[in-house]
Number of protein chains: 2
Amino acid sequence: MLKLSKLTDYAAVIMAHIARDPAKAQTASELAQCVNLPHPTVGKILKMLAKKGLLESRRGSQGGYVLARPASRISASDIIAAIEGPIGMTECSHADGDCELLDICGVADNWQRVSQAVRTLLDGVTLAHLAQTAPIKLPVQMPIQSVTLASGAEYGKG
Amino acid sequence: MLKLSKLTDYAAVIMAHIARDPAKAQTASELAQCVNLPHPTVGKILKMLAKKGLLESRRGSQGGYVLARPASRISASDIIAAIEGPIGMTECSHADGDCELLDICGVADNWQRVSQAVRTLLDGVTLAHLAQTAPIKLPVQMPIQSVTLASGAEYGKG
DNA sequence: AGCAAAGGGGACTAAAATGGTCCTATATGA
DNA sequence: TCATATAGGACCATTTTAGTCCCCTTTGCT
């Protein structure tokens with residue numbers, strides 16, 4: 001289903017929550033309550049986000065989490081990558097493939113391009129967009145449709 | 001990692017293989033050999049693809065599978081949806097959400113738009129594209145980047 | 001100084017999704 | 001009528017994911 005994991009989903013919600021009150025350092029407990037999720041789980045997610053440099057943490061009493069940079073400079077792909085690792089549609093989308101099928105499969109290259117396009121799309125969506133209540137507008141239908149038809153031969157036409 | 005499942009990955013490879021010789025009905029065994037995967041697995045995938053109307057099957061001797069329509073009219077999202085179900089980034093991306101967090105989460109709407117954009121992107125990639133050996137070109141970076149900035153307020157800027 | 005409130009890190013368990021196999025039934029052509 | 005295919009579904013093993021818990025360190029307050 002090309003779905004985000006639940007944790008990633010939660011992460012987005014949590015980040016959005018923090019982004020809506022960026023001045024205040026918020027604790028794991030507070031956030032857990034606001035978002036209605038168990039404290040340990042929220043804590044785990046916050047740790048991951050902090051480790052990847054999306055949040056800054058303050059320890060000790062009066063501590064909590066703050067955005068490490070403005071919401072407009074944190075992208076959806078940042079958040080996804082923080083929880084799930086690098087974004088790629090297939091196994092061979094990133095690393096130098098240890099995929100034994102590479103010779104046979106014949107689609108690897110093209111999947112990589114598609115992955116790149118998805119990544120770029122997600123780079124363009126910021127936390128600021130996600131956090132705003134008004135729906136964001138992504139009128140990308142036309143440009144993409146036309147653009148993907150760029151290259152040569154078509155098989156099995158007609 | 002926003003990854004396709006292995007089965008979906010295989011499905012793409014298999015479909016591409018069929019698309020490269022569209023006239024001939026190919027059996028599960030043949031394809032399994034070509035693609036170097038176990039027969040039962042390939043069989044399972046072919047069944048799924050046929051059930052969703054992407055392939056047509058002929059039973060009995062001399063049987064096998066053929067594309068149900070030209071490769072240029074089968075999209076990447078068709079293939080993905082056939083194996084994994086509807087494409088959506090989050091649980092609530094498609095159905096009328098039974099997500100209890102909907103009130104709290106505040107990002108559902110926006111994720112749905114992002115999902116839609118990804119879906120559109122994948123609609124634009126055809127099996128014909130995937131099957132061709134030459135890499136497809138997806139110069140979508142610019143249009144998307146600029147377009148996602150469409151709407152109003154930005155949080156936490158500066 | 002000491003205490004309480006926070007996060008850091010990692011081990012562990014339970015549950016769910018995934019991948020893969022197998023069996024029986026049905027259709028088809030020689 | 002037999003060999004060759006797919007159709008459909010039950011089944012199991014493995015991996016991934018989600019969630020919990022424990023002990024440690026840091027920090028502010030009294």
Side-chain angles (χ1 to χ4, degrees), chain A residues 1-14 18 24-33 35-68 80 82-86 90-91 99-101, chain B residues 1-14 18 24-33 35-68 80 82-86 88 90-91 99 101:
Chain A
M1 329 193 180
L2 206 71
K3 237 177 233 147
L4 301 177
S5 75
K6 281 194 196 177
L7 287 188
T8 309
D9 199 349
Y10 299 164
V13 176
I14 292 169
I18 297 176
K24 186 184 156 211
Q26 305 195 53
T27 69
S29 322
E30 282 171 345
L31 288 164
Q33 250 190 325
V35 157
N36 203 30
L37 290 170
H39 179 172
T41 299
V42 172
K44 185 181 189 175
I45 293 169
L46 289 167
K47 284 177 210 170
M48 293 198 236
L49 293 167
K51 202 170 194 174
K52 295 290 178 174
L54 304 189
L55 292 176
E56 268 169 16
S57 63
R58 248 200 318 274
R59 287 161 79 146
S61 95
Q62 303 303 91
Y65 293 91
V66 198
L67 295 187
I80 296 172
I83 308 293
E84 314 199 0
T90 57
E91 212 52 62
C99 169
E100 342 146 345
L101 301 177
Chain B
M1 330 195 180
L2 205 70
K3 239 177 230 145
L4 302 177
S5 75
K6 280 194 197 177
L7 288 189
T8 309
D9 200 349
Y10 300 162
V13 176
I14 292 169
I18 296 175
K24 188 183 155 211
Q26 305 195 52
T27 69
S29 322
E30 281 171 345
L31 288 165
Q33 251 190 325
V35 156
N36 203 30
L37 289 170
H39 181 171
T41 300
V42 172
K44 185 182 190 174
I45 293 169
L46 288 167
K47 285 177 211 171
M48 293 198 238
L49 293 167
K51 202 171 197 175
K52 294 291 177 172
L54 304 189
L55 293 176
E56 268 169 18
S57 62
R58 249 201 315 275
R59 287 159 80 145
S61 95
Q62 302 306 87
Y65 292 91
V66 197
L67 294 187
I80 297 172
I83 308 292
E84 314 200 0
T90 55
E91 211 54 61
C99 169
L101 300 178

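Here is how names work: the chains are called A, B, and so on, in the same order as the sequence lines, proteins then strands, and each is numbered from 1. Just the heavy atoms: all of them, side chains too, but no hydrogens, waters or symmetry mates, feed the values below.
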Over how many whole Å does the gap from [X] atom [atom1] to [N] atom [atom2] extend?
{"X": "A:Leu4", "N": "D:dA18", "atom1": "CG", "atom2": "P", "value": "10 Å"}
{"X": "A:Lys3", "N": "D:dA18", "atom1": "NZ", "atom2": "P", "value": "12 Å"}
{"X": "B:Ile45", "N": "D:dA7", "atom1": "CD1", "atom2": "C1'", "value": "16 Å"}
{"X": "A:Leu37", "N": "D:dT20", "atom1": "CG", "atom2": "C1'", "value": "14 Å"}
{"X": "B:Leu46", "N": "D:dT4", "atom1": "CG", "atom2": "C1'", "value": "16 Å"}
{"X": "A:Asp9", "N": "D:dA18", "atom1": "CG", "atom2": "C1'", "value": "13 Å"}
{"X": "B:Leu31", "N": "D:dA5", "atom1": "CG", "atom2": "C1'", "value": "13 Å"}
{"X": "A:Ile80", "N": "D:dT17", "atom1": "CD1", "atom2": "P", "value": "14 Å"}

With sequence neighbours excluded, what pairs up with [X] under the side chain to side chain contact (heavy atoms under 4.5 Å, CB included) test?
{"X": "A:Ala25", "answer": "A:Arg58, A:Val66"}
{"X": "B:Pro40", "answer": "B:Pro38"}
{"X": "A:Ser61", "answer": "none"}
{"X": "B:Ala11", "answer": "B:Ile45, B:Leu49, B:Ile79, B:Ile83"}

Next item on the list: Pick base, sugar-phosphate or nothing for A:Gly64, based on heavy-atom distances below 4.0 Å to the nucleic acid.
Entry: sugar-phosphate
Check: Shortest non-hydrogen contact from A:Gly43 to A:Ala28?
Finding: CA-CB, 4.4 Å
Rounded to the nearest 0.5 Å, what separation is found between the [atom1] atom of [X] and the [atom2] atom of [Y]?
{"X": "B:Ile80", "Y": "B:Leu7", "atom1": "CD1", "atom2": "CG", "answer": "13.0 Å"}
{"X": "B:Leu37", "Y": "B:Lys44", "atom1": "CG", "atom2": "NZ", "answer": "13.0 Å"}
{"X": "B:Ile18", "Y": "B:Leu31", "atom1": "CD1", "atom2": "CG", "answer": "5.0 Å"}

Margin query: Please give the stem ranges for DNA chain D, sorted by first residue number, where a stem is three or more consecutive Watson-Crick or G-U pairs and both donor-acceptor distances are under 3.5 Å.
Written below: C:1-30 with D:1-30
Check: For B:Ser57 and D:dA7, is the shortest distance between a side-chain N/O and OP1 or OP2 below 4.0 Å?
Finding: yes
Checklist line | Below 4.0 Å: OP1/OP2 of C:dG7 and any side-chain N or O of A:Thr27 | finding: no
Scan nucleotides 28-30 of chain D against the protein and return all N/O pairs shorter than 3.5 Å with their distances rounded to 0.1 Å.
| residue | atom | partner | partner atom | Å |
| --- | --- | --- | --- | --- |
| D:dG28 | O4' | A:Ser61 | OG | 3.3 |

Checklist line | Contact nearer the 5' end of DNA chain D, comparing B:Lys51 with B:Ser29 | finding: B:Ser29
Notebook entry, point to check: Can you check side chain to side chain contact (heavy atoms under 4.5 Å, CB included) on A:Thr8 and B:Thr90, steps first, answer last?
Noted result: CA-CA 9 Å; A:Thr8 309; B:Thr90 55; over 6 Å; no
Notebook entry, point to check: Where the side chain of B:Ala50 is concerned, which of D:dA7, C:dA6, C:dT18 is the nearest nucleotide?
Noted result: D:dA7
Check: Between the main-chain N or O of A:Leu4 and the side-chain N or O of A:Glu84, is there a donor-acceptor pair closer than 3.5 Å?
Finding: no
I'd like a table of atom pairs between the protein and nucleotides 20-22 of chain C - only N or O on both sides, under 3.5 Å - with the distance next to each one.
| residue | atom | partner | partner atom | Å |
| --- | --- | --- | --- | --- |
| C:dG20 | N7 | B:Lys44 | NZ | 2.7 |
| C:dG20 | O6 | B:Lys44 | NZ | 3.1 |
| C:dT21 | OP2 | B:Thr41 | OG1 | 3.4 |

Notebook entry, point to check: Hey, are the side chains of B:Leu67 and B:Leu54 touching, using non-hydrogen atoms and a 4.5 Å cut-off?
Noted result: no
Checklist line | Residue list, salt bridge (charged side-chain N to carboxylate O under 4.0 Å, His left out) with A:Glu30, at least two apart or on another chain | finding: A:Lys24
